[in-house]
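Report on one structure; see the data block that follows.
In what follows, every heavy atom counts, from backbone to side chain, and hydrogens, waters and symmetry copies are set aside. Here is the naming used below: chain letters follow the sequence lines, and residue numbers restart at 1 for every chain.
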Amino acid sequence: MSPGARPLRRAFFARPSTEVAPQLLNKVLVCGRRAVRIVEVEAYEGERDPASHAYRGPTARNATMFGPPARLYVYFTYGMHWCANVVCGETGEATAVLLRAGAPLRGVGAMRADRPGARRDRDLCSGPAKLCQALGIDRARDGANLLSGDRGVRLLDDGTPPPRRPGRSARVGLRVAIDRPWRWYVDGDPNVSADPRPLPTADMT
DNA sequence: ACCGGGATGTTCT
DNA sequence: GAACATCCCGGTG
């Protein structure tokens, strides 16, 4: 990460998650002494998206999603995994971007220690729950402000632009709203989670 | 390489 | 009681 890395502005996040998500590619997520470059994301569009945790309105779990933008929304799933989102839109809109994979940049030794099963470094952050485990993210960081570095978590722009033509596909692991093409990734990056699920091509011959 | 199943507990019906 | 924005391991080819 270059020394000129700077925090993003609030306005960057105060838009629908489908606009923010591809722009989040190649940004840097810092957590304590560890950092990754974001290489895979998915958008979840609040109360109008059947796959979103916000679909059925506010609950205790999704409270952070309904709050102000530029916060980290962390949730627990499958009885053992944490996953992290970036809250977008204005307060009350509950639109968010799931962080699905990252390229390790800093603190790789600590990541390996927290992910003893990872054989290669490309297995450290190649999935939403792996990413959280590698960075040490759990409930304690839910709601953290990504602009101020609250609780050691921060989102930075180190000058690397998002890909001009990112990979795009349907979202992964859903049973509902599986048609929406709201997953973006850095094409060819080895840290992208394996399941590529390319969009069905329009060509039916 | 690819596929199938089990782990594990919170959240909501 | 079911579903779950997942991961890992052990089978087979």
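- The nearest whole Å value for the distance from the CZ atom in A/R139 to the C1' atom in B/dG9 is 12 Å.
- With a cut-off of 3.5 Å on both pairing distances, the Watson-Crick and G-U wobble pairs of DNA chain B assemble into stems of 3 or more at B:1-7 with C:6-12, B:9-12 with C:1-4.
- Taking atom CE of A/M65 as the reference point, atom P of C/dA5 lies 11 Å away to the nearest angstrom.
- Between the CD atom in A/E40 and the CZ atom in A/R183 there is a gap of 4.0 Å [rounded to 0.5 Å].
- Remark: A/R56 is not in phosphate contact with B/dT11, judged by side-chain N or O atoms under 4.0 Å from OP1 or OP2.
- To the nearest angstrom, C1' of C/dT6 lies 11 Å from CD of A/Q133.
- Annotation: B/dG6 and C/dA2 have their P atoms spaced 16 Å apart (nearest Å).
- Of all nucleotides listed (C/dA5, C/dC4, C/dC7), C/dC4 comes nearest to the side chain of A/R175.
- Taking every side-chain heavy atom of A/H81 into account, C/dC7 is the closest of C/dC7, B/dC12, C/dA5.
- Taking A/P163 as the reference, A/L25, A/N26, A/P166, A/V186 meet the side chain to side chain contact (heavy atoms under 4.5 Å, CB included) condition, with sequence neighbours excluded.
- Residue contacts shown for A/G117 are absent, as no nucleic acid heavy atom lies under 4.0 Å away.
- A pairwise comparison of heavy atoms in A/R100 and A/S193 identifies NH2-OG, 3.4 Å as the closest pair.
- Side-chain polar atoms of A/D158 and A/T160 form a donor-acceptor pair below 3.5 angstrom.
- Dense packing is recorded around CZ of A/F76, with more than 12 heavy atoms of other residues, nucleotides or ligands lying under 6.0 Å away.
- No engagement by A/R119 is indicated, since no non-hydrogen atom pair under 4.0 Å with the nucleic acid exists.
- One can place CZ of A/R61 at 11 Å from P of C/dC4, the figure rounded to the nearest angstrom.
- With rounding to whole Å, A/D49 atom CG is found 11 Å from C/dA5 atom P.
- The CZ atom of A/R115 sits 14 Å away from the P atom of C/dT6 (whole-angstrom rounding).
- Checking B/dT8, C/dA5, C/dC8 against the side-chain heavy atoms of A/M80 singles out B/dT8 as nearest.
- Among the atoms of the strands shown, only primed sugar atoms or phosphate atoms (P, OP1, OP2) are found under 4.0 Å from some heavy atom of A/A129.
- Per the geometry, CG belonging to A/N62 stands 16 Å off P belonging to C/dC4, to the nearest Å.
- Between C/dA5 and A/S52, no contact under 4.0 Å exists linking OP1 or OP2 to a side-chain N or O.
- The CD1 atom of A/I137 sits 16 Å away from the C1' atom of C/dT6 (whole-angstrom rounding).
- Residues A/A43 and A/W184 share a closest heavy-atom pair of CB-CZ3, 3.9 Å.
- Nucleic acid contact class of A/Y78 (heavy atoms, under 4.0 Å, all strands): base.
- Tested against A/E45, the residues A/C88, A/S52, A/P16 include a single side chain to side chain contact (heavy atoms under 4.5 Å, CB included) partner, A/P16.
- Figure legend: cation-pi geometry between A/R10 and A/F13 absent, as NZ or CZ is not positioned both under 6.0 Å from the six-membered ring centre and within 45° of its axis.
- Along DNA chain C, the nucleotide closest to A/D123 and the one closest to A/Y75 are compared, and the more 5′ of them pairs with A/Y75.
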